[in-house]
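I have a structure here, written as structure tokens, and I will follow up with some questions on it.
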Amino acid sequence: MKKVVLPLLMICLTSASLQAQDVQESGNSNDYNKWSIDVNGGFSKPANPMSPGYHSSAFNFFHADLGFRYMFNTKFGLKLDAGYDVMSEDDGPEFESKLLRTSLQGYANLGRIMEFESWTNRFNLLGHMGVGVGQLKNDDRFEGEDWIGNFLIGLTGQVRLSDRVSLNADFTMINSFSQQKTWDGGNNQTTKQGFDSTLYNATVGLSIYLGKNEKHADWFVDDKSDELDALEQRIGEVETMMNDSDKDGVPDYLDAEPNSVTGVAVDTKGRAIDKNNNGVPDELESYLDQRTNEIKKEVSESNSNDLAGLINNGYVNVYFDFNSDKPNAQSVSGMNFLIKYLKQNPSVSADVVGYADEIGNSDYNKQLSQRRAENVKKILVDAGIDAGRLNIVGNGEDTSVNKDSKYARQVVRRVTFILK
């Protein structure tokens with residue numbers, strides 16, 4: 001038996017191991033591109049600080065930025081970029097200031113993190129934040145440059161145009177510190193000069209993806225979860241194949257007799273050993289023959305006045321195989337004995353009492369004992385006994401024996417009789 005099962009098990013486990021290795025390798029970083037060039041242009045809006053009487057246009061066109069982005073994986077990356085802004089008045093005194101900045105920002109692919117792929121493969125969302133440095137100039141209002149520090153945070157919506165290009169719409173807020181000049185070029189009167197300077201950028205642009213793979217990390221979806229599901233299904237099928245319903249040591253897929261009596265010796269195909277081919281496993285046959293002979297001996301040694309006592313004391317029984325409600329072949333003599341007695345004593349009635357062993361659900365065993373009693377009654381009625389003389393009783397489980405003993409359980413799977 002082991003020569004058949006163990007090689008098959010090893011083949012299945014080896015196949016599962018190779019499948020898992022394939023799944024792991026399919027999700028590595030070689031499956032997607034990591035580099036992109038991000039080009040954007042649009043508007044800027046300086047909010048503060050501004051000199052008294054100066055106002056900035058709500059749409060300062062011109063803003064442009066260029067960045068080189070690298071994704072460590074499909075969810076996180078870094079971008080080095082440079083931006084250029086030209087700011088002017090909307091009313092009030094005229095001015096024109098220019099800001100040139102550079103920054104290093106961390107990027108989060110929110111679309112992959114929030115599993116956008118479950119509902120779209122066309123739209124995506126990136127979040128970014130970082131720090132940088134800027135140079136503010138206004139040749140009309142001050143000489144030289146004002147060097148300022150920047151903290152940036154923003155969101156980028158993406159529309160995939162192809163595997164190589166996506167359309168971007170970005171909104172970024174820039175908070176500056178150590179800013180000595182106002183956006184219009186005047187002196188900054190703020191004493192602390194912390195994060196009290198704000199500039200907004202609204203842009204559209206393109207992400208151009210570089211690399212030899214089909215997709216960029218922005219859009220790559222690792223399908224290893226589907227492969228893992230398939231692998232788990234295959235392992236589940238292997239486990240199901242190895243089930244042994246009747247606990248005879250032979251897996252169900254090799255078991256020619258998957259409902260053999262538990263504990264009975266079987267061959268390599270799971271069939272109960274029955275050398276004389278009488279339908280009864282050899283292990284049970286010797287025990288049942290012994291029990292039948294004991295009953296016959298008791299009957300032969302008793303006179304007619306003791307027959308009712310033999311029946312009521314449980315010497316006349318009908319036996320059943322495991323989980324069966326049909327009497328087994330060894331029960332014929334017991335039923336014949338009762339039939340003859342009832343025919344010889346037409347005034348006597350009887351309770352037909354069914355029992356089951358303790359294996360399984362108690363409610364189910366109660367129903368099984370009822371069906372066993374009903375089937376025995378039908379046999380008695382078919383043999384000529386008036387149905388009105390027979391009362392069905394389903395007593396459920398018989399707990400009087402050791403339920404771990406297969407031979408003891410065979411004894412309690414029975415129908416017995418009580419004469420009235």
Side-chain angles (χ1 to χ4, degrees), residues 34-50 56-73 75-88 97-114 124-138 145-159 166-185 188 190 192-209 216-218:
K34 296 184 176 184
W35 285 99
S36 67
I37 299 175
D38 299 339
V39 182
N40 287 65
F43 304 92
S44 62
K45 168 61 177 175
N48 57 282
M50 299 291 291
S56 175
S57 172
F59 298 100
N60 285 279
F61 186 85
F62 173 86
H63 166 81
D65 60 66
L66 172 67
F68 297 90
R69 181 158 54 92
Y70 178 82
M71 298 297 290
F72 298 111
N73 51 49
K75 295 181 179 178
F76 301 102
L78 280 178
K79 178 179 177 181
L80 178 65
D81 75 328
Y84 181 70
D85 291 274
V86 178
M87 295 165 279
S88 60
S97 298
K98 300 175 182 178
L99 176 66
L100 179 64
R101 63 168 180 80
T102 184
S103 65
L104 180 65
Q105 300 184 64
Y107 267 71
N109 190 346
L110 302 180
R112 297 289 77 77
I113 293 173
M114 295 187 289
N124 195 29
L125 184 65
L126 305 177
H128 57 92
M129 69 169 59
V131 294
V133 62
Q135 181 190 82
L136 179 64
K137 297 183 68 175
N138 187 317
E145 302 87 15
D146 182 16
W147 290 92
I148 58 178
N150 298 322
F151 174 80
L152 306 88
I153 184 169
L155 285 175
T156 304
Q158 292 183 299
V159 180
S166 67
L167 177 66
N168 300 331
D170 180 81
F171 181 80
T172 299
M173 181 177 69
I174 304 173
N175 287 324
S176 301
F177 55 92
S178 297
Q179 184 170 338
Q180 307 299 318
K181 300 294 182 179
T182 60
W183 293 118
D184 56 88
N188 188 358
T190 304
K192 294 184 179 180
Q193 297 180 5
F195 287 104
D196 57 352
S197 173
T198 306
L199 176 67
Y200 300 101
N201 290 148
T203 63
V204 294
L206 298 174
S207 285
I208 302 170
Y209 301 125
H216 185 265
D218 288 354

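Scope of the values below: all heavy atoms of this structure, side chains included, with no hydrogens, waters or symmetry mates.
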Handout entry: N168 side chain reached by T203 side chain, heavy atoms, under 4.5 Å
Key = no
Practice task
Verify the neighbour count for atom NZ of K45: are there more than 12 heavy atoms of other residues, nucleotides or ligands below 6.0 Å?
Solution key: yes
Practice task
Would you name the heavy atoms of L199 and S44 that are closest together and state the gap between them?
Solution key: CD1-CB, 4.2 Å
Problem - Residue pair W183 / M87: nearest heavy atoms and the distance that separates them - result: CE3-CE, 3.7 Å
Problem - Interatomic distance, F76 atom CZ to R112 atom CZ [nearest 0.5 angstrom] - result: 13.0 Å
Handout entry: Note, I174 side chain near T198 side chain (heavy atom, < 4.5 Å)
Key = no
Exercise for the section: Could you go through the side-chain contact (heavy atoms from CB on, under 4.5 Å) check for L110 and L155 one step at a time? Expected result: CA-CA 10 Å; L110 302 180; L155 285 175; 3.9 Å; yes
Exercise for the section: For residues P49 and T182, report the shortest heavy-atom separation together with the two atoms involved. Expected result: O-CB, 3.5 Å
Problem - Geometric class of the Y209/H216 ring pair [parallel <30°, tilted 30-60°, perpendicular >60°] - result: parallel
Problem - Spatial distance of atom CE (M50) from atom CG (D184) [nearest 0.5 Å] - result: 4.5 Å
Exercise for the section: For N48 and D196, indicate whether the former's side chain and the latter's backbone hold a donor-acceptor pair under 3.5 Å. Expected result: yes
Handout entry: Between CZ on residue F171 and OH on residue Y200, distance to nearest 0.5 Å
Key = 6.5 Å
Exercise for the section: Please check if any side-chain donor atom of D38 sits under 3.5 Å from a side-chain acceptor atom of S207, or the reverse. Expected result: yes
Practice task
Could you grab the distance from atom CG of L80 to atom OH of Y70, nearest 0.5 Å is fine?
Solution key: 15.0 Å
Practice task
Measure the CD1-CG distance between I37 and L206 for me, rounded to the nearest 0.5 Å.
Solution key: 11.5 Å
Handout entry: Derivation of the side-chain contact (heavy atoms from CB on, under 4.5 Å) call for N109 and N73
Key = CA-CA 9 Å; N109 190 346; N73 51 49; over 6 Å; no
Practice task
Identify which one of N138, N60, D85 satisfies the side-chain hydrogen bond (donor to acceptor under 3.5 Å, both in side chains) criterion when paired with S97.
Solution key: N138
Exercise for the section: List the steps and the verdict of side-chain contact (heavy atoms from CB on, under 4.5 Å) for N201 and F43. Expected result: CA-CA 6 Å; N201 290 148; F43 304 92; over 6 Å; no
Exercise for the section: Rounded to the nearest 0.5 Å, what's the gap from CG on N124 to OG on S166? Could you check? Expected result: 8.0 Å
Exercise for the section: Indicate yes or no: at least one non-hydrogen side-chain atom of H63 is less than 4.5 angstrom from one of N40. Expected result: no
Exercise for the section: Kindly check if the number of other-residue, nucleotide or ligand heavy atoms within 6.0 Å of CZ (F59) is above 12? Expected result: no
Completion exercise
From the list D65, T172, D81, side-chain hydrogen bond (donor to acceptor under 3.5 Å, both in side chains) with S103 holds only for D81
Practice task
Look only at the side chain of N188 and the backbone of Q179, and say whether a donor-acceptor pair between them is shorter than 3.5 Å.
Solution key: yes
Can you give the donor-acceptor pairs under 3.5 Å from side chains of residues 125-137 to other protein atoms, not counting sequence neighbours?
{"unit_1": "H128", "atom_1": "ND1", "unit_2": "Q105", "atom_2": "OE1", "d": "2.6"}
{"unit_1": "H128", "atom_1": "NE2", "unit_2": "D170", "atom_2": "OD1", "d": "2.8"}

Problem - Residue list, ring-ring contact (aromatic ring centres under 6.0 Å, His included) with W147, at least two apart or on another chain - result: none
Exercise for the section: Output, in order, the C-alpha distance, side-chain angles, deciding distance and verdict of side-chain contact (heavy atoms from CB on, under 4.5 Å) for S176 and N150. Expected result: CA-CA 4 Å; S176 301; N150 298 322; 3.0 Å; yes
Handout entry: Y84 vs L100 side-chain heavy atoms within contact, under 4.5 Å
Key = yes
Handout entry: Nearest heavy-atom neighbours spanning G67 and K79
Key = CA-CE, 3.6 Å
